[in-house]
Novice: 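To start, I am sharing the structure in question, which I have written as structure tokens.
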2 protein chains.
Amino acid sequence: MKKTTTEEKILLSAKKVFYQKGLKGARMQEIADDAGVNKAMLHYYFRSKEKLFDKVFEQSVESVTPVLMNVFLEDSDLSTKITHMVEMLIDLFLKEPYLSNFIVNELSQNPEKFFLNVLDFEEGLIGKIIPVINQQIQSEIEKGNVNPDIRPAELIINIMSLCLLPIMGQSVLQKTLGIDTERMERFMMKRKQTVTQFVLDAIKP
Amino acid sequence: MKKTTTEEKILLSAKKVFYQKGLKGARMQEIADDAGVNKAMLHYYFRSKEKLFDKVFEQSVESVTPVLMNVFLEDSDLSTKITHMVEMLIDLFLKEPYLSNFIVNELSQNPEKFFLNVLDFEEGLIGKIIPVINQQIQSEIEKGNVNPDIRPAELIINIMSLCLLPIMGQSVLQKTLGIDTERMERFMMKRKQTVTQFVLDAIKP
DNA sequence: GTCTATACTCTGATAGAC
DNA sequence: GTCTATCAGAGTATAGAC
């Protein structure tokens with residue numbers, strides 16, 4: 001009962017190719033081949049390469065933000081929240097190793113492609129997260145559980161750094177440490193615990 | 001007394017353009033314009049776009065490794081070494097914000113461009129660093145200064161993550177937090193201390 | 001060594017039959 | 001909706017004069 005329409009097939013293949021090669025590096029022919037359809041079909045459904053790319057980019061950002069949102073805003077104490085953040089981040093981006101790189105790169109080349117209200121400062125991810133986390137950390141500091149020097153925004157940046165950079169640098173790690181893909185996965189799975197521990201140790205008073 | 005030869009001018013401009021646009025995104029014309037020379041000159045000196053790119057890539061990797069090498073292998077106690085690592089990493093990559101992204105991206109698309117003995121497992125960066133750091137951490141653990149669960153390779157990955165990801169994600173940060181370039185620089189300068197502190201707190205027993 | 005003019009290739013896009 | 005054939009433009013590469 002696999003009822004994937006041509007349009008969906010194209011979008012799926014486009015995602016695959018754009019993720020790895022970027023806007024300029026991708027070829028319409030390659031996307032068509034991967035989807036098993038004619039090249040003209042891409043234009044029939046999406047008009048142009050740029051429009052197809054925009055669709056992929058938009059969907060990617062939109063697929064990521066609600067997940068992040070949920071983790072950051074879930075109702076639990078700080079240490080379980082951190083544990084979940086780490087798990088979710090690693091799981092999410094390990095499934096799509098090229099995703100983070102893709103977003104970072106294409107974004108830096110076309111900043112105007114961004115707003116996408118999803119990440120809007122007022123209404124979006126950051127605007128909502130910071131106050132909540134801020135308050136939570138403040139209360140933990142008052143209880144004496146957390147080092148008073150910790151700043152919420154930086155804590156989030158630190159967690160994301162520890163989870164994402166190894167994935168973004170996967171190819172470099174593979175070359176320098178000789179790690180293959182399966183090994184990488186195991187490495188990142190173990191890393192869930194070590195990163196969590198690392199962060200928790202770092203924020204202790 | 002600025003005696004920059006045409007070849008050097010081209011290489012400099014090529015670096016600038018390739019860093020931002022990548023191999024596929026870069027245009028020979030743009031490089032020529034930036035260098036203030038004729039497009040034909042690029043081929044005269046470097047034969048093809050690919051060859052020019054290779055030169056730039058090679059120089060980039062070679063410019064980075066000795067710096068890293070020095071920091072990792074300098075003769076000092078662990079906490080000053082960590083302090084220096086953080087400072088050096090941030091200074092180095094803040095000067096060339098696109099460099100880390102460039103290496104990661106282009107490498108993932110052409111893994112074979114790599115070996116470049118500089119990063120060879122036996123002789124290169126990682127092969128030399130790990131044993132030294134390993135030993136140093138071991139001795140700090142025995143003295144009771146460091147948490148015995150800390151693993152050298154992961155410590156290095158953590159430090160690099162904390163320093164590099166914010167730079168790689170500069171464009172995202174600019175959009176989500178509304179940070180401009182000067183502000184980013186100040187942010188990263190302050191971050192030298194907070195990251196160092198964060199790491200030192202995390203490895204305490 | 002440097003420039004102009006041009007050849008050639010690749011690839012995104014469209015027209016038009018079915 | 002899908003395919004074949006073809007066009008148009010962009011961009012790399014080279015020939016050849018100076």
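In what follows, chains are A, B, ... by sequence order, proteins preceding strands, each numbered from 1. None of these values were measured; they are calculated from a predicted model. We use all heavy atoms of the structure for the numbers below, so side chains are in, but hydrogens, waters and symmetry mates are not.
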Novice: Between D:dG1, C:dG12, D:dC3, which one does the side chain of A:Asn38 approach most closely?
Specialist: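 Comparing D:dG1, C:dG12, D:dC3 against the side chain of A:Asn38, the answer is D:dC3.
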Novice: Using a heavy-atom cut-off of under 4.0 Å over every strand shown, decide if B:Met41 touches base, sugar-phosphate, or nothing.
Specialist: base
Novice: Are B:Lys9 and B:Asp34 close enough that some pair of their side-chain heavy atoms sits under 4.5 Å apart?
Specialist: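 When only atoms from C-beta onward are counted, B:Asp34 and B:Lys9 do not touch, as no gap falls below 4.5 Å.
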Novice: Rounded off to whole Å, could you give me the CZ-to-P distance for the A:Phe53 and C:dG12 pair?
Specialist: 14 Å
Novice: Please give, in whole Å, the distance from D:dT12 C1' to B:Met28 CE?
Specialist: 7 Å
Novice: What I want to check is whether the side chains of B:Asp201 and B:Gln197 have a donor and an acceptor closer together than 3.5 Å.
Specialist: yes
Novice: Which residues, if any, of residues 6-25 of chain A bring a heavy atom under 4.0 Å of DNA chain D?
Specialist: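 By residue number: A:Thr6.
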Novice: Rounded to whole angstroms, how far apart are CD1 on A:Ile31 and C1' on C:dT11?
Specialist: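 Spelled out: CD1 on A:Ile31 to C1' on C:dT11 is 12 Å.
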Novice: Could you list the protein-to-nucleotides 14-18 of chain C atom pairs, N/O on both sides, closer than 3.5 Å?
Specialist:
none

Novice: Using only heavy-atom distances, determine whether the side chains of A:Ser76 and A:Glu74 contain a donor-acceptor pair under 3.5 Å.
Specialist: yes
Novice: Tell me: NZ of B:Lys51 to C1' of D:dT12, nearest whole Å?
Specialist: 13 Å
Novice: Evaluate the side-chain proximity of B:Arg151 to A:Lys190: yes if any heavy-atom separation is below 4.5 Å, no if none is.
Specialist: yes
Novice: If you check the B:Arg27 side chain, which of C:dG12, D:dG11, D:dG1 turns out closest?
Specialist: D:dG11
Novice: B:Tyr44 has an atom OH; how far is it from atom C1' of C:dG1, in whole Å?
Specialist: 5 Å
Novice: Return the value, rounded to whole Å, for the distance between atom NZ of B:Lys49 and atom P of D:dA13.
Specialist: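 Answer to the nearest Å: 8 Å.
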Novice: Within the structure shown, what part of the strands sits under 4.0 Å from B:Ala26 by heavy-atom distance: base, sugar-phosphate, or nothing?
Specialist: sugar-phosphate
Novice: Considering the options B:Lys21, B:Lys16, B:Gln20, which one meets the side-chain hydrogen bond (donor to acceptor under 3.5 Å, both in side chains) requirement together with B:Glu30?
Specialist: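 In the set B:Lys21, B:Lys16, B:Gln20, the residue that makes a side-chain hydrogen bond (donor to acceptor under 3.5 Å, both in side chains) with B:Glu30 is B:Lys21.
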Novice: To the nearest Å, how far apart are B:Phe46 CZ and D:dT12 P?
Specialist: 16 Å
Novice: With the side chain counted from C-beta on, respond yes when A:Val71 and A:Glu87 share a heavy-atom pair under 4.5 Å apart, and no when they do not.
Specialist: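 Contact flag for A:Val71/A:Glu87 side chains = no.
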Novice: Quick one: which of A:Phe102, A:Phe53, A:Phe93, A:Tyr98 gives a ring-ring contact (aromatic ring centres under 6.0 Å, His included) with A:Tyr19?
Specialist: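 The ring-ring contact (aromatic ring centres under 6.0 Å, His included) with A:Tyr19 is passed solely by A:Phe102 among A:Phe102, A:Phe53, A:Phe93, A:Tyr98.
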Novice: Can you tell me how far OG of B:Ser48 sits from CG of B:Asp54, rounded to the nearest 0.5 angstrom?
Specialist: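 Output value for this atom pair is 7.5 Å.
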Novice: Specify the separation, in whole Å, of atom CG of A:Leu42 and atom P of D:dT2.
Specialist: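 It works out to 11 Å between those atoms.
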Novice: Regarding B:Tyr45, tell me which of base, sugar-phosphate or nothing describes its non-hydrogen contacts under 4.0 Å with the strands shown.
Specialist: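 Counting heavy atoms under 4.0 Å across all strands, the contact made by B:Tyr45 is with sugar-phosphate only.
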Novice: For the residue pair A:Gln136 and A:Lys81, confirm or rule out a side-chain donor-acceptor distance under 3.5 Å.
Specialist: yes
